[in-house]
Amino acid sequence: MSLPIHPDLAPITRHLRAMYSSRLLIAAVHHLHVFDELADGPLSINELRMRLGLKERPAMVLFPALCAMDMLSYNDSGQLQLTEGGCYLTQQSVPTLAGYVGLEKSDPAVLEMVERLKHDGPLEAPSGIAYVKEGEGPSPMDDPEVARRLTLALAGRAQILAPIVADKLPKHNGHLVDVAGGSGFFTYEWLLVNPDATATVLDRPQVLAVAAECLFTFSQSGRHGAHTVPERVTFLPGDMLTDELPQTDLLLAASLFHDWPTETCQLLARRFADALVSGGELWVHDAFLDDTMDGPQAVTDYSAQLFWVTKGRAYSRNEYRQWFAEAGLMPSDKNSSTQMDYGLIWARKP
């Protein structure tokens with residue numbers, strides 16, 4: 001089955017996300033004084049983080065971004081140091097570009113980024129966090145209008161990526177669970193490739209109402225086998241953090257972990273591992289930081305955006321694989337790219 005052919009659309013999302021990293025750079029120069037702290041020599045990540053008063057998440061959004069910009073780098077001891085370009089952002093440099101960068105230091109979005117960096121998120125959560133459930137309160141995605149707007153906004157990206165992901169996932173006659181599946185396009189495309197398989201899309205009820213509309217449109221597309229997909233899909237309303245997950249051969253977590261802090265990601269890895277049958281596989285589709293935590297810039301830009309709108313950030317493949325191993329899974333060391341700066345990794349349950 002031939003895949004739909006799309007142009008390289010990564011520049012669109014890269015330009016969109018770059019504004020968040022610009023805010024990081026201005027905040028680092030004029031509000032946190034990162035470059036001045038490093039002017040006298042390299043510092044360990046923890047020491048620099050302590051001097052700046054940053055918690056782990058904002059630090060691991062900021063430092064990889066500055067490295068990807070080639071303003072900071074790691075020395076042989078793993079300490080952060082100024083690059084040749086970064087030296088021009090200190091106050092003591094002659095000449096210096098710190099003043100030029102400072103022309104935007106009072107921009108409201110920059111000031112908001114500073115507050116979020118200092119407080120590991122907005123001061124008034126959950127009002128400052130988009131779409132992510134806060135504590136025991138209701139999920140924003142239980143609001144029909146909010147759920148519809150976000151699900152349809154993300155549906156276009158899913159329609160582009162889902163055929164590629166479906167082609168790279170295992171061919172299987174068993175069952176797939178698509179957790180927080182949104183519009184469901186990843187599931188629909190996988191079922192198209194696996195005509196004897198079944199699947200469950202798990203999400204909030206208001207999201208699944210939109211997914212059902214997307215499924216109807218998909219089934220009427222005229223593509224070979226598309227009309228059989230609805231009878232093989234189950235929509236399961238639920239909360240992935242608390243509700244029991246159905247047992248399954250494959251579990252797909254697409255653009256999911258990056259919404260959450262490390263502790264929640266570890267919890268999710270354990271819950272997903274428990275849902276897999278013996279020999280089952282957990283597949284993650286996301287944008288990954290390099291294991292060296294210094295890029296790529298497209299992903300550090302995305303991490304800055306995620307930091308702004310969720311409780312999470314972008315994570316490295318190594319971080320995911322540690323969570324998988326802690327959950328009793330056997331991580332594969334294989335990496336597979338898709339498009340738009342995304343890729344796939346996976347782990348198997350013994």
Side-chain angles (χ1 to χ4, degrees), residues 17-28 31-34 37 43-69 71-72 74 78-80 109-135 140 180 240-241 253 255-270 284 286-324 326 341:
R17 296 161 179 168
M19 67 177 177
Y20 295 96
S21 281
S22 296
R23 297 170 190 169
L24 286 181
L25 177 62
I26 300 166
H31 297 276
L32 299 176
H33 307 291
V34 174
E37 289 287 352
L43 295 171
S44 70
I45 291 175
N46 284 336
E47 186 173 0
L48 181 58
R49 185 165 70 85
M50 293 301 126
R51 289 194 184 191
L52 300 176
L54 298 180
K55 294 183 179 179
E56 187 273 344
R57 183 176 75 119
M60 298 317 296
V61 169
L62 179 62
F63 299 158
L66 296 177
C67 288
M69 296 176 201
M71 300 295 107
L72 300 182
Y74 297 101
Q79 296 175 306
L80 284 165
V110 171
L111 297 177
E112 178 65 22
M113 179 63 84
V114 173
E115 289 301 311
R116 290 175 185 239
L117 288 167
K118 289 181 176 180
H119 297 280
D120 192 13
L123 287 172
E124 297 183 5
S127 61
I129 300 175
Y131 312 117
V132 182
K133 184 178 179 181
E134 175 74 17
M240 67 180 179
L241 295 171
S255 296
L256 183 160
F257 282 93
H258 67 213
D259 286 343
W260 302 96
T262 299
E263 297 78 11
T264 305
C265 292
Q266 292 169 319
L267 169 66
L268 288 171
R270 293 193 297 270
V284 172
D286 218 312
F288 302 103
L289 290 173
D290 293 334
D291 289 344
T292 49
M293 304 300 284
D294 56 1
Q297 187 165 352
V299 181
T300 60
D301 287 352
Y302 190 25
S303 190
Q305 181 186 31
L306 292 167
F307 175 71
W308 186 269
V309 299
T310 75
K311 298 180 183 180
R313 63 173 175 88
Y315 296 99
S316 68
R317 295 175 183 85
N318 183 57
E319 289 175 291
Y320 279 94
R321 286 167 176 150
Q322 288 179 354
W323 304 333
F324 297 163
E326 291 167 359
D341 300 307

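This one's a predicted model, so the numbers in the text were calculated from it and none came from an experiment. This chain uses plain numbering: 1 for the first residue, then up along the sequence.
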Pairwise distance [atom1]([X]) to [atom2]([Y]) - rounded to 0.5 angstrom:
| X | Y | atom1 | atom2 | result |
| --- | --- | --- | --- | --- |
| D290 | Q297 | CG | CD | 12.0 Å |
| L48 | L43 | CG | CG | 5.5 Å |
| R321 | R317 | CZ | CZ | 7.0 Å |
| I26 | M113 | CD1 | CE | 10.0 Å |
| K55 | K118 | NZ | NZ | 14.5 Å |

Would a 4.5 Å heavy-atom cut-off, applied to side chains only, mark [X] and [Y] as touching?
| X | Y | answer |
| --- | --- | --- |
| L267 | W260 | no |
| D341 | P296 | no |
| M240 | L256 | yes |
| R313 | H258 | no |
| L62 | F307 | no |
| V284 | F324 | yes |
| L268 | L241 | yes |

Donor-acceptor under 3.5 Å ([X] side chain, [Y] main chain):
| X | Y | result |
| --- | --- | --- |
| R57 | G312 | yes |
| Y20 | T300 | no |
| S316 | E319 | yes |

Which heavy atom of [X] sits nearest to which heavy atom of [Y], and what is that distance?
| X | Y | value |
| --- | --- | --- |
| A109 | R23 | CB-NE, 3.4 Å |
| L32 | L52 | O-CD2, 3.2 Å |
| L54 | R49 | O-CG, 2.7 Å |
| Q79 | S44 | CG-N, 3.9 Å |
| A304 | V61 | CA-CG1, 3.9 Å |
| A314 | L289 | O-CD1, 3.4 Å |

Checklist entry - Do R270's NZ or CZ and the ring of W323 fall within the cation-pi criteria of under 6.0 Å and 45°? => result no

Next on the checklist: Taking the six-membered ring of Y302 as reference, does the cationic atom of R17 (NZ for Lys, CZ for Arg) lie under 6.0 Å from its centre and within 45° of its axis?
Outcome noted: yes

Item to check | Test side-chain contact (heavy atoms from CB on, under 4.5 Å) applied to C67 and L80, step by step | outcome: CA-CA 9 Å; C67 288; L80 284 165; 3.8 Å; yes

Checklist entry - Are K311 and D259 close enough, and set up right, to give a side-chain contact (heavy atoms from CB on, under 4.5 Å), and what steps lead you there? => result CA-CA 6 Å; K311 298 180 183 180; D259 286 343; over 6 Å; no

Next on the checklist: Could you tell me if H119 and E115 have a donor-acceptor pair between their side chains, going purely by distance under 3.5 Å?
Outcome noted: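 Short answer, yes.
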
Next on the checklist: Distance alone, cut at 3.5 Å: any donor-acceptor contact between the side chains of D301 and S21?
Outcome noted: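 Per modelled atom types, D301 and S21 side chains form a pair under 3.5 Å.
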
Next on the checklist: Ring centroids only, cut at 6.0 angstrom: are Y315 and F288 within range, meaning strictly under it?
Outcome noted: no

Item to check | Derivation and outcome, side-chain contact (heavy atoms from CB on, under 4.5 Å), residues I45 and M60 | outcome: CA-CA 9 Å; I45 291 175; M60 298 317 296; 4.3 Å; yes

